Amino acid sequence: MKPLTAPLSGRRVVVTRPQAQAEGLARLIREAGGEALRIPVIEIRDLEDPAPFFAIADRLDDFDIAIFVSRNAVRKALALLGDRPWPARLAVATVGQGSREELQAGGFAQVIAPPSQSDSEALLALPGFAAMRGKRVVIFRGDGGRQMLGDTLAARGAGVEYAPCYRRVRPDAGEALRGAWATGVDAVTLSSAEGLANFVEMLGDGAAARLSAIPLFVPHARVADEAARRGWGRPIVAGPRDAEMAAALVAYFGGAG
């Protein structure tokens, strides 16, 4: 009888989440017998100038809905808000279950979020976001970033303002990534199109040729589409949560070899 082995035994998986969010997925990979190579492609930093954030925080009563775009947005915004009271009438929403759990841990009992798919498109598909005329919305996010959520709400009649609460920068980890690649990588996990762009830059010259044979696991179809556009031949849509990503890795490699 063939001996049972861990499904990821001998597999080296690059985990590109920011350092503070990488351990959950890394632990699941290790538990499945794999080696998790933690090489962040996005670094989360505090704002250089928090004045625009506090200008919004001083008038939270002006808004009807507050949207947090990620776990990072929840953590950084709540840290900056400190003991400021949250207006009772200000509804709270977010794009996914992870950030919903983060908000609930921060004391928000009623959080609007998509029941399954975790992205801006799923939030916008909820009935409560169909008719937005006259609504005032504040979006807590990183400095810059994807505009689709705010642009769509504005097109539906909402007044939208942004409250930047952190910065995203590309880490100085290209040497670590290239070193890992040189010694052999079996899979890569990426969370966003921005992370994908940073990854390609960090990998350096000839990145597209190096990517074509390595399976890439991503949370959403739009990231997979961007990966394919950049020459990555095997993007796999796994889902945004650690358990979904780990399950996709196990499903892919469990029957291999």
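Here, residue 1 is the first one in the sequence, and each next residue gets the next number. Keep in mind the model is a prediction, meaning the values are calculated, not measured.
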Asker: What's the verdict on side-chain contact (heavy atoms from CB on, under 4.5 Å) for Val15 and Thr189, showing C-alpha distance, side-chain angles and the deciding distance?
Answerer: CA-CA 5 Å; Val15 177; Thr189 65; 4.2 Å; yes
Asker: Identify the heavy atoms of Pro50 and Leu47 that sit nearest to each other, and give their distance.
Answerer: CA-CD1, 3.9 Å
Asker: Have a look at Asp46 and tell me which of Lys76, Arg75, Arg167 forms a salt bridge (charged side-chain N to carboxylate O under 4.0 Å, His left out) with it.
Answerer: Lys76
Asker: Under the ring pair (Phe, Tyr, Trp, His ring centres under 6.0 Å) rule, collect the residues that match up with Phe108, sequence neighbours excluded.
Answerer: Trp86
Asker: Can a donor-acceptor pair be found, under 3.5 Å and without considering hydrogens, that links the side chain of Arg30 to the backbone of Ala36?
Answerer: no
Asker: Specify the closest pair of heavy atoms between Phe129 and Leu153, including all atoms of both residues, with the distance to one decimal.
Answerer: CD2-CD2, 3.9 Å
Asker: Indicate the ring-plane relationship of Phe217 and Phe253, choosing parallel, tilted or perpendicular according to the 30° and 60° boundaries.
Answerer: tilted
Asker: Write down the atom of Val237, the atom of Pro219, and the distance for their closest heavy-atom approach.
Answerer: CG1-O, 3.9 Å
Asker: For Arg71, which residues count as a salt bridge (Lys or Arg N to Asp or Glu O under 4.0 Å) partner, sequence neighbours excluded?
Answerer: Glu101, Glu102
Asker: Check step by step if salt bridge (Lys or Arg N to Asp or Glu O under 4.0 Å) holds for Arg170 and Glu194.
Answerer: CA-CA 9 Å; Arg170 189 174 71 217; Glu194 180 183 6; over 6 Å; no
Asker: Can you check whether Ala224's main-chain N or O pairs, donor with acceptor, with Trp232's side chain at less than 3.5 Å?
Answerer: no
Asker: Given 3.5 Å as the limit, does a donor-acceptor pair link the side chain of Ser9 with the main chain of Ala6, or not?
Answerer: no
Asker: Quick check for you: to the nearest 0.5 Å, what is the distance between Phe140 atom CZ and Glu161 atom CD?
Answerer: 10.5 Å
Asker: Starting from Val92, can I reach Leu60 by hopping between I/L/V/M/F/W/Y residues whose side chains sit under 4.5 Å apart?
Answerer: yes
Asker: Taking Gln97 for the side chain and Pro114 for the main chain, is one N or O donor matched with an acceptor at less than 3.5 Å?
Answerer: yes
Asker: Are there more than 12 heavy atoms of other residues, nucleotides or ligands under 6.0 Å from atom CG of Asp172?
Answerer: no
Asker: Apply side-chain contact (heavy atoms from CB on, under 4.5 Å) to the pair Asn72 and Gln21, showing each step before the final yes or no.
Answerer: CA-CA 9 Å; Asn72 287 318; Gln21 298 160 35; 2.4 Å; yes
Asker: Where is the tightest heavy-atom contact between Ala173 and Pro40, given as atom of each residue plus distance?
Answerer: CB-O, 4.3 Å
Asker: Would you list the pairs meeting side-chain hydrogen bond (donor to acceptor under 3.5 Å, both in side chains) in which at least one residue belongs to residues 147-160, sequence neighbours left out?
Answerer: Arg141-Gln147
Asker: Nearest 0.5 Å please: distance from the OG atom of Ser70 over to the OH atom of Tyr166.
Answerer: 3.5 Å
Asker: To check you understand the geometry: which heavy-atom pair defines the closest contact between Met148 and Ser120, and what is its length?
Answerer: CE-CB, 3.6 Å
Asker: Between Arg11 and Ala187, is there a donor-acceptor pair closer than 3.5 Å when you use the side chain of the first and the backbone of the second?
Answerer: no
Asker: Does Phe63 offer a backbone N or O that forms a donor-acceptor pair with the side chain of Arg89 under 3.5 Å?
Answerer: yes
Asker: Between the side chain of Asp64 and the main-chain N/O of Arg136, is any donor-acceptor distance below 3.5 Å?
Answerer: yes
Asker: Using only atom types and a distance under 3.5 Å, with no angle test, would you say the side chain of Glu244 pairs donor to acceptor with the backbone of Arg241?
Answerer: yes
Asker: Grab the two heavy atoms, one from Leu216 and one from Leu190, that are nearest each other, plus how far apart they are.
Answerer: CD1-CD1, 3.5 Å
Asker: Would you say the side-chain atoms of Thr94 pair up with the backbone N or O of Arg100, donor to acceptor, closer than 3.5 Å?
Answerer: no
Asker: Determine, for Arg222 against Glu226, whether the closest basic-nitrogen to carboxylate-oxygen distance falls under 4.0 angstrom.
Answerer: no
